[in-house]
Each structure stands twice: as C-alpha cells, then as structure tokens.
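Reckoned from all heavy atoms, side chains included, excluding hydrogens, waters and symmetry mates. Note that this is a predicted model, so its numbers are computed, not measured. Both counts, for ligands and for their atoms, begin at 1 and track the order of listing.
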Amino acid sequence: MSCQFNFSAGPSLLPKDVMLRAQLEMINWNNTGMSVMEMSHRGKEYTPIILNAEKNIRALLNIPLNYRVLFLQGGASTQFLMSAYNLLETKASYLNTGSWSDKAIKEAKLFGSVNELASSKSSNFNYIPKDYVIPTDSDYFHCTSNNTIYGTQMKEFKSCPVPLICDMSSDIFSRVLDFSKFDLIYAGAQKNMGPAGTTIVIVKEDVLGKVTRQIPSMMNYQLMIDKDSMFNTPPVFSIYVSLLTMKWLKNLGGVETIDEINKTKAIVMYSEIDLNPLFKGFAAVEDRSTMNATFSLVNEGLKDTFESMVKEAGIEGINGHRSVGGYRASMYNALSLDSVKVLVEVMSELETKA
Ligand code: PMP
C-alpha cells in the first residue's frame, strides 16, 4: 500500500492544504503568470512573500522587536559553525544531548575552547542531563531543544547567565516557549516549517559584534541582517511554502493550539508504548519528546509480523535511526491525532495476535 500515514523524521510531512495550495499556485502565482520559482527575489511580487513569512513567524512565536528573523541556507549543520564563528571569542559551554549537539561541539572547537558541561553519551543519549552549572565566563551556552534521533526533549531551560543559543530544528513551532529567554535560535525548515532549503535564524541583535575575528560574508549574521536575508538569492520556494505553513498554523489557532494537539498525540502514543507489553520506550520518561517517540519490540521475533502490519496499514517512516534501532514515530505538527491512533491500533492488534 502506498503511504497514507507519514511518520518520517525529516524531511517530513507537510499539511495537505499547504501542498494543495502550492500545487494550485505552482505555475501561476497571484495571476502573475509566473511561478514563485521563476521570479526575481527582489521584485515587487516576491518581496511581500518573504516579508509576510517573517511577519507570521514573529506573530506565531511572539518574537520581541529587538530580535531579527533570517532565512538562510545550509541547514542547521551550517548554523553549528556559523553560531560559533559569530559568537565564540574565547570559550563556550555546550550541553551534549545527542549526535547533533556532538556535531555542533566539533564545529565550535574550530573557533575556541569548548566546555562540555554535561553529556548523556555514555547511555546513548537516552536522557537530558540536568545537573550542571553554566559558567558566567562563557561566551554563550548552546543546547539542542529536541533530540530527533533519540526522542528526548528539554522541558525546561535553566535561567542562563550568558547568551543562550538553541538548535530548535525538530520542535520549533510545536510548543509555547518564552523566546525572550533565548539569544539565538536556529532550525532547518524541513520538520515543522516547510520544505528543506531554508534555515530560520532568530537572533537578538545585541549579541553580535563581540568577536574580533574577520567573518566571511556568507557566514556573517550582521551582514545577513543588514541585507534582509537577501545578500544572495534566498531559497525562494522553500520560504514561500513556509509562509503557507505558517498561515495554516495560524488558522488552526496558532502555537497554543498545536501545543495542546501535540501533547494529546504524545499521550496516546506513549500510553500504548507503556501499556502494551510487547513494546518498550527508549527515552527516559520525564524527557520524552512530543515530536519523536522512540521505542522497540521486547521480542525481536515479532519484527517481521509487526513491520508487515505497519506496511499494510499504510504507515511509513517509523524505522528508528541506526544509532538507536527499533522504531521512531515522528509526530510533527502536520501529523494528525488520527494518524497516531492508526499506529497505536496496529500496535495493539499485534498484542492481540501474539
Ligand atoms: N539538529 C537537529 C536537532 C536535527 O534534527 C537535524 C537534522 N534532522 C540537524 C540539526 C541537522 O539539520 P540539517 O540537515 O538541516 O543540517
């Protein structure tokens, strides 16, 4: 059966309405006779698209006025180095909660000394360390809000005596957060925002300009701010579909509404993992992600039966990351509660069969 329920970790599903709208407008945007992909990024037709995308993001996340919103390229992986390039003068503190944090640490080491405050690496990152103190002499503290591979999520952000940088790639727009606590946030679009191609960066302007090194143009946040994300050609189509997704989220009731929906989906999913004796969860219960639920079969002998039932139900994308194994159900904003119920139904049917 072809895919009916897409649980992919990313790129992941987009709201159907968004894709239908993009399809409708694909070759003739706003009666211009052109596709969004075909027009000048500086023209009078495209400019309102990028401005509107920013406006919607600001409104949805309640971004304070002294923050700038950028649409860059190169994925969150480029932000691992770009954040350090622009903010790391002597030393920085990092929380290591998974291989994405690990990669951010590796890049930062090219620019200064890195203090890994805590790490859950020795237990394959199945929990979020909480027992650490952020030194006041760090240039900043970096963390990853949601660990896509392991299914762990930071529920609390300690009060931070230095600028707080957060990789929110896999849970931005999924829950209500006080963004004024953060100084720099980045996220690839391809989970909750739109198609891969653009990376959103939200930065408090006064944290910039403190490093003494020369920064190449494409790596320079201040230059990107001064040029309104138009230093070079931005990923026009990705930004346009992101705008459609932001409007979809707004019409749904905004981040407050999706936060409730996401919590309900997570309760349904984790209840099955906990109550069905055939399955066990991977992540520590208090750190479980509302976006990515990681679990495995207790008895691997049921693997083939379970996987063929999953396929038969039209479910795709639940294979776990190779470093964790088992299964991962990614429940991003566009995934409905009903889709989660279909997976849960298959899991409970397996229990009846076994
Ligand atoms: N950080 C997190 C938390 C991620 O989940 C990912 C990718 N899924 C990345 C960083 C890397 O993002 P990109 O592929 O956009 O560089």
Check your understanding: Nearest non-hydrogen atom to atom 8 (N) of ligand 1 belongs to which of K191, M291, K103?
Key ->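 Looking at heavy atoms only, K191 sits closest to atom 8 (N) of ligand 1.
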Exercise for review: Examine ligand 1 and decide if any of its atoms is less than 4.0 Å from a heavy atom belonging to I149.
Suggested key: no
Review point. Nearest protein heavy-atom contact for atom 13 (P) of ligand 1: which residue, which atom, what distance?
Key: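 In this structure, atom 13 (P) of ligand 1 has A76 N, 3.6 Å as its nearest protein heavy atom.
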**Study point:** Nearest neighbour in protein (non-hydrogen) for atom 11 (C) of ligand 1
**Key:**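 Nearest protein contact, heavy atoms only, for atom 11 (C) of ligand 1 is W100 CZ3, 3.5 Å.
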Review point. Is it true that the side chains of E272 and S348 contain a donor and an acceptor less than 3.5 Å apart?
Key: no
**Study point:** Between Y332 and N262, a side-chain donor and acceptor under 3.5 Å
**Key:** no
Does the distance from a Lys or Arg side-chain N to an Asp or Glu carboxylate O, for [X] and [Y], drop under 4.0 Å?
X	Y	value
D17	R21	no
K353	E349	no
R288	D274	yes
K311	E307	no

Practice item. Flag the pair Y127 / F282 as yes when their ring centroid distance falls below 6.0 Å, and as no otherwise. Key: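 No - the distance between ring centres of Y127 and F282 does not fall below the 6.0 Å cut-off.
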Any N or O of [X] that comes nearer than 3.5 Å to an N or O of ligand 1?
X	value
D167	yes
Q190	yes
S77	yes
G75	no
T148	yes

Which of the numbered atoms in ligand 1 are under 4.0 angstrom from any heavy atom belonging to [X]?
X	value
S169	1 (N), 2 (C), 3 (C), 4 (C), 10 (C)
F80	10 (C)
N146	3 (C)

Check your understanding: Counting N and O atoms only, with roles assigned by atom type, does the side chain of R68 sit under 3.5 Å from a partner on the main chain of Y221, one being a donor and the other an acceptor?
Key -> no
